[in-house]
Student: 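Just dropping this structure here.
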Amino acid sequence: SDLHIINTVTGSDNHLPKIILEHQSNVDTEEGPTIAFRTKDTDNAHIRDNQILGDIHFTGREDNSDTWNVGASIRGRSTAVWTDSTSPAELAFYTTPADDDGIVQRMTIMESGNVGINNTPPANAKLKVAMDQDDGWVAIFDQDHATGYGVYISGDMTGTDPLLKVESVSTERFRVQ
């Protein structure tokens, strides 16, 4: 198979170069093109805990100078020392606030699949969303279709833990068993 890197200029987008990675094959396969970020120490050691595996930066120039700013990033990072049989890693997403010059980690997908938005993902839940501001909602679920549904919560618990628990200032306000 061949790898083609093509810089295409079309129509009204003539000022925006595009890079296309194209995988051509005469063989039926479920495989597609792959981009690999390979991290290797000079002494061939295993990947260390909290080692950056690779970054994708979305950048632009701030003015006519040669200064480039990062507006958003995606980072792969190890979450433990790698061995011959394990390679745990997380994926973190960063954006830059309008009133700041630096990128801020906004979302993390842990090796367990747990997700944290504006916080560190919890070990005991698949999703944690945090907000620290005076006004606004943490989450809004908006279903605009006439025959659709709202929020569905299901559990097969047999113990005393609640299916749904609402707290405010560390005080339980509502519970559904």
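Start at 1 with the first residue, then count along the sequence.
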Student: Please report the interatomic distance CZ(Arg75) to CZ(Phe93), rounded to the nearest 0.5 Å.
Tutor: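 The distance works out to 13.0 Å.
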Student: State, yes or no, whether a side-chain contact exists between Thr108 and Pro121 at a heavy-atom distance under 4.5 Å.
Tutor: yes
Student: Within the distance-only criterion (no hydrogens, no angle test), does the side chain of Ser78 pair as donor or acceptor with the backbone N or O of Asn50 below 3.5 angstrom?
Tutor: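 Present.
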Student: If hydrophobic clusters are built from ILVMFWY residues whose side chains come within less than 4.5 Å, do Val104 and Tyr94 share one?
Tutor: no
Student: Please report the shortest heavy-atom distance between Ser170 and Glu167, naming the atom on each side.
Tutor: CA-OE1, 4.1 Å
Student: Can any side-chain N or O of Thr59 pair as donor or acceptor with the backbone N or O of Val70 at less than 3.5 Å?
Tutor: no
Student: Within this structure, what is the CD1-OG1 distance for the pair Ile74 and Thr95, rounded to the nearest 0.5 Å?
Tutor: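 One gets 11.5 Å once the value is rounded to the nearest 0.5 Å.
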Student: Would you compute the distance between atom CD1 of Ile103 and atom OG1 of Thr96 and round it to the nearest 0.5 angstrom?
Tutor: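 Going from CD1 on Ile103 over to OG1 on Thr96, the span is 6.0 Å.
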Student: In terms of hydrophobic clusters joined by side-chain contacts under 4.5 Å, are Phe174 and Leu163 together?
Tutor: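 In one cluster: yes.
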Student: Answer yes or no: is there a donor N or O on one side and an acceptor on the other, between the side chain of Trp82 and the main chain of Arg48, under 3.5 Å?
Tutor: no
Student: Taking all atoms of both residues into account, what is the closest heavy-atom pair of Ile153 and Leu164, and its distance?
Tutor: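 Smallest interatomic distance, heavy atoms only, reads CD1-CD1, 4.2 Å.
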Student: Would you kindly confirm whether Val151 and Trp137 end up in one hydrophobic cluster when ILVMFWY residues are joined by side chain heavy atoms under 4.5 Å apart?
Tutor: no
Student: Would you sort out whether Lys128 and Thr120 count as a side chain to side chain contact (heavy atoms under 4.5 Å, CB included), showing the intermediate values?
Tutor: CA-CA 8 Å; Lys128 180 178 180 184; Thr120 302; over 6 Å; no
Student: Any chance you could measure Met110, atom CE, to Glu90, atom CD, to the nearest 0.5 Å?
Tutor: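 Spacing of CE (Met110) from CD (Glu90) equals 5.0 Å.
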Student: Applying side-chain contact (heavy atoms from CB on, under 4.5 Å), can you list everything that pairs with Thr83, at least two apart in sequence or on another chain?
Tutor: Ser85, Thr86
Student: Looking only at heavy atoms, which two atoms of Val138 and Val129 are closest? And how far apart?
Tutor: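 Looks like CG1-CG1, 3.5 Å.
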Student: Counting C-beta onward and ignoring hydrogens, is there a side-chain heavy-atom pair between Ile117 and Met131 closer than 4.5 Å?
Tutor: no
Student: How many angstroms lie between atom CG of Asp132 and atom CG of Asn119, to the nearest 0.5 angstrom?
Tutor: 11.0 Å
Student: Closest heavy-atom contact between Pro97 and Arg106?
Tutor: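 Of all heavy-atom pairs spanning Pro97 and Arg106, the closest is CG-NH2, 3.3 Å.
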Student: Minimum heavy-atom separation for Asp49 to Ala80, with atom names?
Tutor: OD1-N, 3.1 Å
Student: On a heavy-atom basis, which atom in Arg77 and which in Ala92 lie closest, and how many Å separate them?
Tutor: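 Reported closest heavy-atom pair: NH2-CB, 4.0 Å.
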Student: Between CD1 of Ile47 and CD1 of Ile52, what distance do you get to the nearest 0.5 Å?
Tutor: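 Going from the CD1 atom of Ile47 to the CD1 atom of Ile52 covers 11.5 Å.
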Student: Keeping the roles fixed (side chain from Asn114, backbone from Ala125), state whether a donor-acceptor pair exists under 3.5 Å.
Tutor: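 Yes.
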